[in-house]
Amino acid sequence: MKNLEEMDIPSFREDLIGWFEKEQRDLPWRKDRDPYKIWVSEVMLQQTRVDTVIPYFNRFLEQFPSLDALAEADEEKVLKAWEGLGYYSRVRNLQSAVKEVQEKYNGIVPDSPKEISALKGVGPYTAGAILSIAYAKPEPAVDGNVMRVLSRILLIWDDIAKPASRRIFEEAVRELISHENPSYFNQAMMELGALICTPTSPSCLLCPVRDHCQAFNEGVQDELPVKTKKKKQRPVELTAAVLRNHEGKLLIRKRPDTGLLANLWEFPTTEVNLEFRSEKEQFADYFKDQYETGITLGEMLGRIEHVFSHLIWNLHVFTGTIQGQIKEASDLRLVSLDEIDEFAFPVSHQRILRLYRETGEIK
DNA sequence: TACCCGTGGGA
DNA sequence: TTCCCAAGGGT
């Protein structure tokens, strides 16, 4: 790459790593080099803020302290430990991959790019992060931070929203990375992006590698990185019902094991056509069709808007009672309010439960 | 490739 | 309010 030729690479590495040794944050996954802990932290940190991850990471490792502990853990408990973190397939893939490591590699996280990349949920970033941080291998770990930082330092104008662009940055990192300390090099690049070289108003005057930065040199740091914006979320209208049986227990069901919020529990919910007849009638018909049982819906408890990365749920929340008998199953349960906290719910349905506890329980 | 897949915080 | 974002991966 042409712009790499302008770099004094040894000096850049020294300035970057020197800064990291002095300024790095004290984070729970930086206490040791245990590949399992590094792995868990990297998966949690995918598209998720450090401040959000910290308490989850601490609880998760208390509950599943080793790779073997996670491999043998009850899936429901694992999902419950992830409740509220989002992107739930991450933890399903993680447990699946951990089981594979237990069986194929005798419980030792592999240290080769090929083997580690073959594990579920381990993409190019996570593979590079584990290999460099836990095993000191000089592999690139290119995340959003690294693309932002390098786009400025090397004046790279490619659209970082395009998957194809990542390869350019990986090639650059292969040239730049310290073979003496690849762990600190990769972490320092990300730490710099998080603390100094931020998306808006970067703190260039505090930057340890300012002298190496071609964007700063030309005064275009605010123009980089180039990133096309995503499209807006699609709204979806839904009816949800907190249904009580004659014993006062609430009906919950497990979502399918693929797709949105896979394997999480929810109150019965279905899409509604607001142009059609009464919403209550539509829901009762749906319920009868699914469970062969009649219900009576009460008044609407309230409306909840829940925003996802790609869609918006407008939840119309009702209470109701179940007329006949419901046959419980592994994915269909009647539970008391004391038992319900054992089940992992998406935040949208945690909000429904809160609404019910605050206003609906007495009705 | 483009789209699917969560959540909460901050500008 | 609206928008973007935060240590991505699967399909």
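Residue numbering restarts at 1 for every chain, and letters A, B, ... go by the order of the sequence lines.
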> Of A:Thr200 and A:Leu311, whose closest DNA chain B nucleotide lies nearer the 5' terminus?
Replying inline: A:Leu311
> Residues from residues 108-129 of chain A sitting under 4.0 Å of DNA chain C, heavy atoms only?
Replying inline: A:Lys120, A:Gly121, A:Val122, A:Gly123, A:Pro124, A:Tyr125, A:Thr126
>> For a salt bridge (charged side-chain N to carboxylate O under 4.0 Å, His left out) check, start with the C-alpha distance between A:Glu191 and A:Arg30, then their side-chain angles and the critical distance, and finish with the verdict.
In response: CA-CA 13 Å; A:Glu191 196 82 340; A:Arg30 287 180 175 164; 3.0 Å; yes
> Backbone N or O of A:Ile304 within a donor-acceptor pair of the A:Arg351 side chain at under 3.5 Å?
Replying inline: no
>> So A:Arg148, base contact, sugar-phosphate only, or nothing? Heavy-atom distance under 4.0 Å.
In response: sugar-phosphate
> From A:Thr48 OG1 over to A:Tyr56 OH, what is the distance, rounded to the nearest 0.5 angstrom?
Replying inline: 10.0 Å
> Per the side-chain hydrogen bond (donor to acceptor under 3.5 Å, both in side chains) rule, which among A:Lys280, A:Gln282, A:Glu279, A:His316 passes with A:Thr239?
Replying inline: A:Glu279
>> Nearest whole Å is fine: how far is C:dG8 P from A:Ile160 CD1?
In response: 11 Å
> Roughly how many Å is it from NZ in A:Lys230 to C1' in C:dG8, rounded to a whole number?
Replying inline: 14 Å
>> So, taking the atom named CG in A:Leu16 and the one named SG in A:Cys207, what distance separates them when rounded to the nearest 0.5 Å?
In response: 8.5 Å
> Which comes earlier along DNA chain B counting from the 5' end, the contact point of A:Gln350 or that of A:Lys162, where each point is its nearest nucleotide?
Replying inline: A:Lys162
> For C:dG8, does either OP1 or OP2 sit under 4.0 Å from a side-chain N or O belonging to A:Arg166?
Replying inline: no
> If you look at every heavy atom in A:Trp313 and A:Ser348, which pair is closest and at what distance?
Replying inline: CZ3-OG, 3.5 Å
>> Considering every strand and a 4.0 Å limit on heavy-atom distances, what is the contact class for A:Ala164: base, sugar-phosphate, or nothing?
In response: sugar-phosphate
> With the 4.5 Å side-chain cut-off for hydrophobic clustering, are A:Val347 and A:Tyr87 part of the same group?
Replying inline: no
> When the P atoms of B:dC5 and C:dA6 are considered, how many whole Å apart are they?
Replying inline: 23 Å
> A:His310 NE2 to C:dT11 P: how many Å, rounded?
Replying inline: 15 Å
> Taking the C1' atom of each, how far is B:dG6 from C:dC4, in whole Å?
Replying inline: 15 Å
>> Is any side-chain heavy atom of A:Leu224 closer than 4.5 Å to one of A:Trp157?
In response: yes
> To the nearest angstrom, how far is A:Met44 atom CE from C:dG9 atom C1'?
Replying inline: 17 Å
> Nearest-Å distance, CE (A:Met190) to C1' (C:dA6)?
Replying inline: 12 Å
>> What is the distance, to the nearest angstrom, from the CD atom on A:Gln47 to the P atom on C:dC5?
In response: 11 Å
Let me have the donor-acceptor pairs involving side chains of residues 59-73 of chain A, under 3.5 Å, with sequence neighbours excluded, atom names and distances please.
residue : atom : partner  : partner atom : Å
A:Ser66 : OG   : A:Ala69  : N            : 3.1
A:Asp68 : OD1  : A:Gln102 : NE2          : 2.9
A:Glu72 : OE2  : A:Gln102 : NE2          : 3.0

>> If I take atom CD in residue A:Gln233 and atom C1' in nucleotide C:dC4, what distance separates them, rounded to the nearest angstrom?
In response: 10 Å
>> Just to be sure I understand the rule, does A:Thr48 reach a base, reach only the sugar-phosphate, or reach nothing, if contact means heavy atoms closer than 4.0 Å?
In response: base
>> Can you measure A:Lys227 atom NZ to C:dA6 atom P for me and round it to whole angstrom units?
In response: 7 Å
> When all nucleic acid strands are considered with a 4.0 Å heavy-atom cut-off, which category describes A:Leu27: base, sugar-phosphate, or nothing?
Replying inline: base
> Hey, where on DNA chain B does chain A first and last touch, going 5' to 3'? Cut-off is any atom under 4.0 Å from a heavy atom.
Replying inline: B:dT1 to B:dG8
>> Parallel, tilted or perpendicular: which one describes the rings of A:His306 and A:Phe308, with boundaries at 30° and 60°?
In response: perpendicular
> Would you say the ring centroid of A:Phe185 lies under 6.0 angstrom from that of A:Phe20?
Replying inline: no
>> Once you apply a heavy-atom cut-off of 4.0 Å, does A:Trp29 come out as touching a base, just sugar-phosphate, or nothing?
In response: base
>> Using a 4.0 Å heavy-atom cut-off, does A:Arg25 contact any base of the nucleic acid, only the sugar-phosphate backbone, or nothing at all?
In response: base
> Across the strands shown, which category fits A:Val146 at heavy-atom distances under 4.0 angstrom: base, sugar-phosphate, nothing?
Replying inline: nothing
> Contact class for A:Gly193 vs. all strands (heavy atom < 4.0 Å): base, sugar-phosphate, or nothing?
Replying inline: nothing
